[in-house]
2 protein chains.
Amino acid sequence: MTVATQRVADHLRTAILGGIIGPGERVRQEDVAQQFGASRLPVREALQMLAAEGLVEHEPNKGARVPRLSMHEIDVMYRMREQLEPLALAESLPVLDAGDLRRIDQIQEEIERGVDVETFLTLDREFHLRTYSACRIDQLTTTVTRLWNATQYYRRAFMHLTGPSRRWVVNAEHRLLIDAVERRDEVDAGRFLAGHIRRTRIELRRHPEVFGG
Amino acid sequence: MTVATQRVADHLRTAILGGIIGPGERVRQEDVAQQFGASRLPVREALQMLAAEGLVEHEPNKGARVPRLSMHEIDVMYRMREQLEPLALAESLPVLDAGDLRRIDQIQEEIERGVDVETFLTLDREFHLRTYSACRIDQLTTTVTRLWNATQYYRRAFMHLTGPSRRWVVNAEHRLLIDAVERRDEVDAGRFLAGHIRRTRIELRRHPEVFGG
DNA sequence: GTCCGATCTATTGGATCCAATAGGAGGTGA
DNA sequence: TCACCTCCTATTGGATCCAATAGATCGGAC
């Protein structure tokens, strides 16, 4: 697999996260293969990887398609994040170095400058994942990343729908989180983080239209 | 992929969970392929699936091997279980039917009959996973199952080491859990469950020799 | 004697080809 | 006109073959 498979998987993942391939859409092996000038084999293996990540569903002899998720599924995934991300943060927090902290602060400054939805999504993701970056437990970081990926589409839809009116809440939460992180206070940090995720989950529940189509 | 890949993956998974292929051991594609009278292709795809589950590690051009996990990694995975399994139970609990409850009770009765280590491992696993069986959130059940699988080898080593002396604690915990489940009390059930997992984690930490070789 | 390099072999990665399955189009019967 | 059956095509699954990489072994030079 390795290099070719990885390239294809990265490309498809980016396309799905970017909303270029949306829920319900099918992914044909041949199309992707031609697009890469490669054979179908690495594409098949890449699709398997994505299936394992929950980014596509694979039905035998029918191919892969991006799954449509219900509000309840997203809700539970957010609750999983509430449970797991404080753990990842606690693992990471003691070993985050000065460069990480500086970068985290930079990202937040840029968010506060008032960016558009797509940029916000990218920065917000980088912000949080960066706080976990020193966590060396593979199963944990992998699971957390998968949860981010699988919910990305609906987070985008939600953001486009609600606009930046509540952005100040995010900023306040991020600032509290950063402060706790810099103090290496994992209890505080975990609490702010869980609250941050929970609030987002609750707000998402108020917009069932995100899951309508 | 489908049928052949699935068969190979199931077989390899069973072999790894059963301890037939242990940590550090390499898995050669050709060997497995011959063993199945199939080509290497489904084996490759099966190995990818297992890699996604964390049951093997895959290094480019070097092949797959079962990873050796440190005590700290196992400890964190147990903490992940403490966080996630109460969630899975809460999802499952309201919709568990009478047949499930009966089966859960049967399993516990058999455990109490005093079985050997291998049987205990199998029954204990079936016991817990059965309580989650009505949870329909794929990401959650998948993640929980993966955590069980990835830690199985060390659970076995621990059990063989300590013998059945503390089996009565497990039985008491299981009984309390069953009672809460039958009352559909998700708070109680979640608490007993988290405690059950936590106690096992703590006891595991007392036996670093499990991770020595 | 030891260290470095080259070749050789075992094993994996990727491409092409063939088989099998699913879904649809078209035709035929009632 | 509608239902059902058959055939056809598009697409995926699997096998075989070839290329590339890593590790080992052997040889040579210092």
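So you know, we letter chains A, B, ... as the sequences are listed, proteins then strands, and number each from 1. All values reported here derive from a predicted model rather than from experimental measurement.
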Shorter than 3.5 Å, N or O on both sides, protein versus nucleotides 17-25 of chain C: list them out with atom names.
{"unit_1": "C:dG23", "atom_1": "OP1", "unit_2": "A:K62", "atom_2": "NZ", "d": "3.2"}

* Asked: What nucleotide among C:dT11, D:dT12, C:dG14 has an atom nearest to a side-chain atom of A:T5?
  -> C:dG14
* Report yes or no: does B:E112 contribute a side-chain atom to a donor-acceptor pair with the main-chain N or O of B:E109 at less than 3.5 Å? => no
* Does the D:dG14 base have a donor-acceptor partner in the side chain of B:R44 within less than 3.5 Å? -> no
* salt bridge (Lys or Arg N to Asp or Glu O under 4.0 Å) contacts in which one or both residues fall within residues 74-85 of chain A, not counting sequence neighbours -> A:D75-A:R79, A:D75-A:R201, A:D75-A:R205, A:R79-B:E91, A:R81-A:E85, A:E82-A:R201
* Could you state the atom-to-atom distance from CG of A:L41 to P of D:dG14 in whole Å? => 12 Å
* For the pair made of CD in B:E45 and C1' in C:dT12, what is the distance, rounded to whole Å? -> 15 Å
* Cut-off 3.5 Å, side chains only: do B:Y153 and B:R68 have a donor facing an acceptor? -> no
* Using atom CD of B:Q34 as one end and atom C1' of C:dT11 as the other, report the distance to the nearest whole Å. => 13 Å
* Whole angstrom is fine here: how far is it from CD in B:E59 over to P in C:dG13? => 11 Å
* Which listed nucleotide (D:dT12, D:dA15, C:dG14) is nearest to the side chain of B:P42? -> D:dA15
* Asked: Hey, are A:Q139 and A:T142 close enough side-chain-wise for a donor-acceptor pair under 3.5 Å?
  -> no
* What nucleotide, of D:dG14, D:dA15, C:dT12, holds the atom closest to the side chain of B:R28? -> C:dT12
* Asked: So, B:Q29 versus B:R40: side-chain donor-acceptor pair below 3.5 Å or not?
  -> yes
* Asked: Is B:Q29 near enough to C:dA10 that one of its side-chain N or O atoms lies under 4.0 angstrom from OP1 or OP2?
  -> no
* To do: Select base, sugar-phosphate, or nothing to describe what B:V8 touches, counting heavy atoms under 4.0 Å on all strands.
  => nothing
* Given D:dG13, C:dT11, C:dT16, the nucleotide with the shortest approach to the side chain of A:H58 -> D:dG13
* To do: Answer yes or no for A:R167 and A:F120: cation-pi contact, defined as NZ/CZ to six-membered ring centre under 6.0 Å and angle to ring axis within 45°.
  => yes
* For A:E110, which residues count as a salt bridge (Lys or Arg N to Asp or Glu O under 4.0 Å) partner, sequence neighbours excluded? -> none
